[in-house]
There are 2 protein chains.
Amino acid sequence: MKYQKIPEATIRRLSRYSRCLEEMNENGEKVVSSAQLAKKCIVNAAQVRKDLAYFGEFGIRGVGYYVKDLHNNIKKILGSDKEWRMALIGVGNLGSSLLSYKDFLKQNYKIVAAFDIDPPKVIGRVSEKLGKPVEVFHINRIKEVAKERRIEIGLITTPPSEAQGVANMLVEAEVRGILNFAPVQVTVPEGFVVKDVFFTTVLDNLAYLLSN
Amino acid sequence: MKYQKIPEATIRRLSRYSRCLEEMNENGEKVVSSAQLAKKCIVNAAQVRKDLAYFGEFGIRGVGYYVKDLHNNIKKILGSDKEWRMALIGVGNLGSSLLSYKDFLKQNYKIVAAFDIDPPKVIGRVSEKLGKPVEVFHINRIKEVAKERRIEIGLITTPPSEAQGVANMLVEAEVRGILNFAPVQVTVPEGFVVKDVFFTTVLDNLAYLLSN
DNA sequence: CAATTTATGTGAAAGGAGTCACAAAATTGA
DNA sequence: TCAATTTTGTGACTCCTTTCACATAAATTG
């Protein structure tokens with residue numbers, strides 16, 4: 001296990017493997033081969049092995065991988081063995097649906113605070129939904145609340161025009177990770193990370209493939 | 001302009017260029033160089049030129065690119081010069097927020113029908129929102145309605161357990177493009193296309209980067 | 001109108017990522 | 001215990017993407 005730069009694609013696939021392994025584990029499967037896992041994840045078996053090889057030796061030759069064991073290892077690699085505390089900024093349509101997005105809860109991602117320019121209007125809307133409501137603060141309290149609640153990731157779900165401003169506030173509040181849903185490029189200083197989720201980019205991709 | 005296989009990454013970047021050009025056009029900018037566009041999109045200038053070169057010669061040496069002209073050309077390449085008719089399946093939290101997602105409307109993607117297992121319950125919720133409500137049908141009418149309304153893309157926003165079933169129905173209805181939000185791999189026959197939007201995969205990526 | 005400037009388009013080089021193929025290691029069965 | 005079987009881990013190869021560097025072409029200036 002010598003150090004190498006790990007391709008981003010490898011990390012994405014690990015995330016996929018993790019999901020598959022979770023499912024297998026729930027189904028009571030104990031052992032899996034790279035070929036089986038690959039088939040399930042629709043990748044090449046050598047790819048699976050190579051991806052894992054970046055981080056160590058997790059399998060047993062002639063046998064395969066212990067499902068539970070491998071799953072734990074991958075979670076540790078991805079950093080998804082801990083709970084991540086997130087804040088959501090912009091409690092509009094998309095924002096409020098993410099507040100009650102089941103898959104976050106199921107995984108180890110937890111929204112522990114939300115922010116908006118008009119919090120009172122918004123609290124009602126959020127509380128309507130089932131499950132314990134997330135407290136919504138005024139946006140100018142980001143720094144204070146982020147510190148207090150030990151926020152590590154910010155979800156930007158504001159209109160595009162506000163995204164960079166919000167990103168700046170998150171940087172100011174030392175929130176190092178940003179998941180940006182606003183369809184506009186935001187920039188952050190060295191040491192911070194932004195990942196984008198742009199629906200329309202994926203749609204454009206789809207549209208391209210459909211018209212060719 | 002000789003034929004070549006075009007990298008998927010190129011298509012993704014074209015989508016980005018398109019957004020930037022749109023903004024520039026709104027700001028009244030007439031001409032842009034590959035260097036300027038590259039800077040704005042945070043890529044390499046040669047990359048911009050090479051991406052465009054797959055499809056033709058759109059610039060003028062010594063000058064650059066006419067913003068409006070290039071934007072039109074890119075839209076034509078991506079197939080985003082036409083309006084795409086979409087259906088949304090699964091009117092839950094995420095689904096209903098996408099029904100009123102402004103960025104779709106602003107672009108040329110239009111949701112013209114929605115489906116759910118329990119449509120009556122759901123119509124009320126959707127109509128609450130501003131803008132003209134999208135009609136919600138029972139899920140077993142997909143084939144019929146998709147034909148009638150000339151649906152080309154389906155958005156799957158059901159729980160993961162239902163995703164493959166819905167995908168099958170869409171295939172049956174000859175809806176060739178699928179944008180899958182349900183965090184599970186779905187497969188479709190040759191000739192159909194699925195693109196995934198998995199929030200938690202991106203979060204896993206972020207978590208990995210933050211813990212290393 | 002020639003020299004200078006600017007910025008494209010593209011061949012060549014470099015850099016990554018994915019696949020193949022096989023030696024190494026573990027297990028099974030006689 | 002040893003041969004046969006299975007499946008990993010990985011070096012080598014191939015393929016694809018990005019970057020570099022420069023010839024080419026348009027515009028501008030004196």
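Chain identifiers are assigned alphabetically (A, B, ...) following the order of the sequence lines, protein sequences preceding nucleic acid strands; residue numbering begins at 1 within each chain.
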Ranking A:Glu8 and A:Ala46 by the position along DNA chain C of their nearest nucleotide, the one closer to 5' is A:Glu8
Original post:
Is the count of non-hydrogen atoms from other residues, nucleotides or ligands lying under 6.0 Å from A:Lys39 atom NZ greater than 12?
Top reply: no
task = May I ask you to evaluate whether A:Tyr65 reaches the phosphate of D:dG9, defined as a side-chain N or O under 4.0 Å from OP1 or OP2?
result = yes
inquiry  = Using a heavy-atom cut-off of 4.0 Å across all strands, would you classify B:Ala35 as base, sugar-phosphate, or nothing?
reply    = nothing
When rounded to whole Å, the CG to C1' distance for the pair B:Leu52 and C:dT8 reads 10 Å
Query raised in the report: Would one find a side-chain N or O of A:Ser34 under 4.0 angstrom from OP1 or OP2 of D:dT8?
Result: yes
In whole angstroms, the gap separating C1' of D:dT7 from CG of A:Leu70 amounts to 14 Å
_It should be established whether B:Gln47 places a side-chain nitrogen or oxygen under 4.0 Å from OP1 or OP2 of nucleotide D:dT19._
yes
The residue, B:Tyr66 or B:Asn44, whose nearest nucleotide of DNA chain D is more 5′ is B:Asn44
Per atom distances to the B:Pro7 side chain, the nearest of D:dT17, C:dG18, C:dG9 is D:dT17
A:Ile6 CD1 to C:dG16 P, in whole Å, measures 13 Å
For this session: May I ask you to decide if the ring planes of A:Phe199 and B:Phe199 are parallel, tilted or perpendicular, using 30° and 60° as cut-offs?
Result: tilted
Testing C:dT8, C:dA17, D:dT8 for proximity to the side chain of B:Arg49, the answer is C:dT8
- request: Decide, yes or no, whether a salt bridge links A:Asp103 with A:Arg19 under the criterion of side-chain N to carboxylate O below 4.0 Å.
  value: yes
Rounded to whole Å, OH of B:Tyr54 lies from P of C:dT8 at a distance of 18 Å
In whole angstroms, the gap separating P of D:dT7 from CD of A:Gln36 amounts to 7 Å
Rounded to whole Å, CZ of A:Phe58 lies from P of C:dA25 at a distance of 19 Å
Is it true that B:Arg85 and B:Glu152 have a side-chain N and a carboxylate O under 4.0 angstrom from each other? no
Separation of C:dG9 atom P from B:Leu37 atom CG, nearest Å, is 12 Å
Side-chain donor-acceptor pairs under 3.5 Å in residues 22-33 of chain B, sequence neighbours left out?
from	atom 1	to	atom 2	distance (Å)
B:Glu23	OE2	B:Lys40	NZ	3.4
B:Ser33	OG	B:Ala35	N	3.4
B:Ser33	OG	B:Gln36	N	3.1
B:Ser33	OG	B:Gln36	OE1	3.4

**OP:** Classify the side chain of A:Lys50 and the base of C:dT19 as holding, or not holding, a donor-acceptor pair under 3.5 Å.
**Re:** yes
Rounded to whole Å, the CD-C1' distance (B:Glu57 to D:dT24) equals 11 Å
- Message: For C:dG18 and A:Arg13 - does any side-chain N or O of the residue sit under 4.0 Å from the phosphate oxygens OP1/OP2?
- Response: yes
